[in-house]
Amino acid sequence: MSLLKTTALLPNPCSTTALSSLQCGTLLQSLSNSKSLTQAQQLHALVTTGGTLRHNTYLATKLATCYAACGHMLHAQLIFDQIVLKNSFLWNSMIRGYACNHSPTKSLVLYREMLRFGQKPDNFTYPFVLKACGDLLFRGIGRKVHALVVVGGLEENVYVGNSILSMYFKFGDVAAAQVVFDKMPMRDLTSWNTMVSGCVKNGETVGAFEIFGEMRRVGVVGDGTTLLALLSACGDVMDLKMGKEIHGYVVRNGGNGRVHNGFLVNSVIDMYCNCESISCARKLFEGLIVKDIVSWNSLISGYEKRGDAFEVLELFGRMVEGSAVPDEVTVISVLGACNQISALRLGTSVHSYVVKRGYGVNVAVGTALIGMYANCGSLICACCVFDEMPEKNLAVWTVMVTGFGIHGRGREAVSIFYEMLGTNVTPDEGIFTAVLSACSHSGLVEEGKEIFYKITRVYNVDPGPTHYSCLVDLLGRAGYLDEAYAVIESMKLEPNEDVWTALLSACRLHRNVKLAEISAQKLFELNPNGASGYVCLSNIYAAERRWKDVENVRALVKKSRLKKAPSYSFVELNKMFHQFFVGDTYHKQSDDIYAKLKDLSEQLKKAGYKPDTTSVLYDVEEEIKEKMLWDHSERLALAFALINTAPGTTIRITKNLRVCGDCHTVIKMISKLTDREIIMRDISRFHRFRDGLCSCGGYW
DNA sequence: AGCTGCCGTG
């Protein structure tokens with residue numbers, strides 16, 4: 001309804017004819033469905049000019065309710081405060097308004113005030129009070145409200161019952177929800193849907209399918225919401241078979257025949273992505289008559305999650321060319337893709353787009369930007385975005401701590417970690433992992449240990465396997481191998497693969513064969529198919545020149561058909577990506593690259609370079625080993641970059657694995673020899689080579 | 001006057 005039309009029908013408020021309460025009330029009633037603030041405000045102006053509001057509880061109540069329904073709680077509260085005689089209708093509207101507009105605390109405050117005023121809560125009050133308790137994870141208060149519901153005899157109301165279910169699911173208390181559900185005298189579709197989606201959200205996938213089965217047995221027909229939850233469940237457990245069945249069900253019944261433009265199809269795309277069937281997702285997507293923003297985002301995020309960055313960028317390009325306008329969600333996935341392939345230039349242009357469209361206020365977008373800049377080697381830009389963020393949640397702090405960590409700036413990581421503790425953000429396992437890992441990359445043993453022991457004592461968080469692996473890594477890298485081993489032995493929980501891997505790689509670094517054999521043994525027991533443990537152990541034997549043992553390990557690898565992931569490096573040049581594998585001769589500049597490397601190796605030798613061949617796995621002549629080192633992918637990428645960029649430009653290389661020890665030495669020397677800054681990102685951190693030195697200071 | 005609800009950040 002347009003306001004212009006409406007007001008034309010009404011008497012002029014400035015005229016002597018006053019607007020009747022009933023007229024305004026009906027008008028507001030219809031407006032409350034339109035959820036338009038401007039209409040409500042104009043009407044508000046209309047009635048107040050008439051001088052009717054102050055003394056008209058009926059109208060004021062209607063207006064407050066209208067504002068609350070629009071989600072404009074500030075206006076609603078102003079009017080609410082003026083009303084002397086508050087009826088239950090008004091209280092309920094306000095409690096609902098706050099609960100549904102991200103102010104659950106205010107909702108509960110008002111509920112308490114309502115009780116103090118002697119107003120009895122009813123079946124319209126409790127659903128929102130319960131919602132607020134659930135959102136705030138107020139378990140104690142939630143249970144008390146549940147008790148009051150029982151006392152008030154409202155437990156049998158289906159709306160109240162459904163809200164109780166939902167609240168217990170938010171608490172993660174599936175059993176309590178089940179008990180309530182079993183006792184419900186009447187269940188509607190929402191009750192069933194709440195059960196199904198509640199189970200899914202709590203990881204009870206089997207339970208969700210059981211409820212669905214029961215639902216069908218008693219003849220309840222599911223709707224889009226049911227299917228949505230089930231599709232999400234299929235994705236969680238990667239049950240492609242069930243997913244396809246539900247897809248069929250969606251095609252036959254779902255969305256009232258709106259399958260090709262309804263949102264359900266997007267969830268099917270998402271399901272296929274989560275079931276690692278990207279081709280099914282793609283096929284469905286391409287066949288869509290109407291591709292909305294969520295369709296695009298579902299597929300793009302699917303490619304991003306599986307690490308197909310180039311596919312993400314291609315789809316993004318297609319999207320921009322077409323009519324779809326990328327939104328915050330799109331941008332987050334695209335930034336994630338830039339992050340994966342260190343596409344700094346592209347990431348920066350996405351940042352401009354973010355600014356242009358005003359997406360920067362979104363916390364998730366800011367987080368993605370910081371992550372992109374940090375992972376593309378531009379810590380300064382990451383810091384700028386971080387500093388400018390008006391609202392910093394846990395994810396923001398975590399990504400910034402991680403960013404400092406991978407750049408070897410442990411002190412800054414620790415410092416902002418403590419800065420975060422000074423705010424009202426509560427730390428979780430994730431940020432402890434980030435700060436501990438930052439400590440280990442910088443050799444901050446004491447700081448790291450202190451934080452580790454604070455996890456339990458001060459923050460009541462139980463350290464998980466990841467924290468232990470960080471601590472072992474921290475101690476191990478710094479050479480405290482026995483202490484690291486003692487930590488593992490003291491663990492209350494079973495040490496996992498990561499813990500032993502951390503000890504094993506520390507053993508390689510400090511050449512401790514005895515502990516290496518222990519950790520490798522544990523690693524093989526935990527995962528006989530993991531290749532990295534075998535590779536690491538054979539490296540350790542090779543360093544000790546125990547070729548027989550190397551051979552034995554390699555035989556084991558062969559027998560179990562384990563394959564090490566092929567190592568590669570790449571560089572971005574004029575928005576093109578050039579990828580190099582070990583000993584790669586496919587690049588069209590291949591001859592020039594090898595010539596450049598030969599030239600560099602000679603110059604390095606004159607400067608006193610002695611190759612460290614311990615990382616070469618094969619028992620061959622020393623000379624051949626040296627030659628093999630010069631085939632490493634990071635050197636090919638570096639030579640290529642040196643040939644194709646102007647003197648003095650910074651070179652950025654990305655490698656999918658850890659940089660090898662000899663390459664590290666060589667790149668240090670080349671940075672001095674060619675007077676270049678070389679920024680190299682490997683699997684776990686950044687190395688900034690300048691003037692013969694590296695920012696990692698030997699910790700990597 | 002209500003309860004359940006697609007794609008996204010560490």
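Heavy-atom basis, side chains included; hydrogens, waters and symmetry copies ignored. In the text below, chain A, chain B and the rest are named by the order of the sequence lines, each starting its count at 1.
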Whole angstrom value for the distance that separates P of B:dG5 from CG of A:Leu189: 13 Å

Proximal nucleotide (of B:dG5, B:dC3, B:dA1) relative to the A:Asn162 side chain: B:dC3

A:Phe432 CZ - B:dG10 P separation (whole Å): 19 Å

Nucleotide nearest A:Ser267 (side chain, heavy atoms from C-beta), chosen from B:dT4, B:dC6, B:dC3: B:dC6

For the student: nearest non-hydrogen atoms of A:Val414 and A:Cys439, plus distance: CG2-SG, 3.7 Å

Strand-adjacent residues in residues 269-278 of chain A, judged by heavy atoms under 4.0 Å from DNA chain B: A:Asp270

Between B:dT4 (C1') and A:Phe181 (CZ): distance, integer Å: 12 Å

Atom-pair distance (OH on A:Tyr67; P on B:dA1), nearest Å: 19 Å

Distance below 4.0 Å between A:Lys305 side-chain N/O and B:dC7 OP1 or OP2: no

Which atom of A:His247 lies closest to which atom of A:Tyr272, heavy atoms considered: ND1-OH, 2.7 Å

Spacing of A:His467 atom NE2 relative to B:dG10 atom C1', expressed in whole Å: 12 Å

Pair A:Ser440-A:Asp473, side-chain donor/acceptor within less than 3.5 Å: yes

Name of the residue among A:Val365, A:Ile370, A:Val354 meeting side-chain contact (heavy atoms from CB on, under 4.5 Å) with A:Val385: A:Ile370

Nucleotide nearest A:Ser197 when distance is taken to its side chain, options B:dG5, B:dG2, B:dG8: B:dG5

Closest listed nucleotide, where the reference is the side chain of A:Asn266 and the choices are B:dA1, B:dC6, B:dG8: B:dC6

Closest listed nucleotide, where the reference is the side chain of A:Glu328 and the choices are B:dG2, B:dG8, B:dC7: B:dG8

Separation of atom CG in A:Leu230 from atom P in B:dT4, rounded to whole Å: 18 Å

A:Asp428 (side chain) and B:dG10 (base): donor-acceptor pair under 3.5 Å: yes

A:Asp327 and A:Thr330: side chain donor to acceptor below 3.5 Å: yes

Among B:dT4, B:dG8, B:dG2, the one nearest A:Lys131 by side-chain distance: B:dT4

A:Thr226 and A:Asp223: side chain donor to acceptor below 3.5 Å: yes

A:Asn162 and A:Asp188: side chain donor to acceptor below 3.5 Å: yes

Contact list for DNA chain B against residues 382-405 of chain A - heavy-atom distance below 4.0 Å: A:Leu394, A:Ala395, A:Thr398, A:Val399, A:Thr402

Sugar-phosphate, base or nothing in reach of A:Asn157, heavy atoms under 4.0 Å: base

Sugar-phosphate, base or nothing in reach of A:Thr225, heavy atoms under 4.0 Å: base

Ring centre gap for A:Phe432 and A:Phe417 strictly below 6.0 Å: yes

Touch class at under 4.0 angstrom, heavy-atom based, for A:Ser298 against every strand present: sugar-phosphate

Pair A:Trp296 and A:Phe285, ring centroids less than 6.0 Å apart: yes

Distance-only donor-acceptor test, A:Asn362 side-chain atoms vs B:dG8 base atoms, 3.5 Å: yes

A:Glu113/A:Lys86 salt bridge by N-O under 4.0 Å criterion: no

Between B:dC3 (P) and A:Ile164 (CD1): distance, integer Å: 15 Å

Polar pair under 3.5 Å, donor/acceptor by atom type, side chain A:Ser163, base B:dC3: no

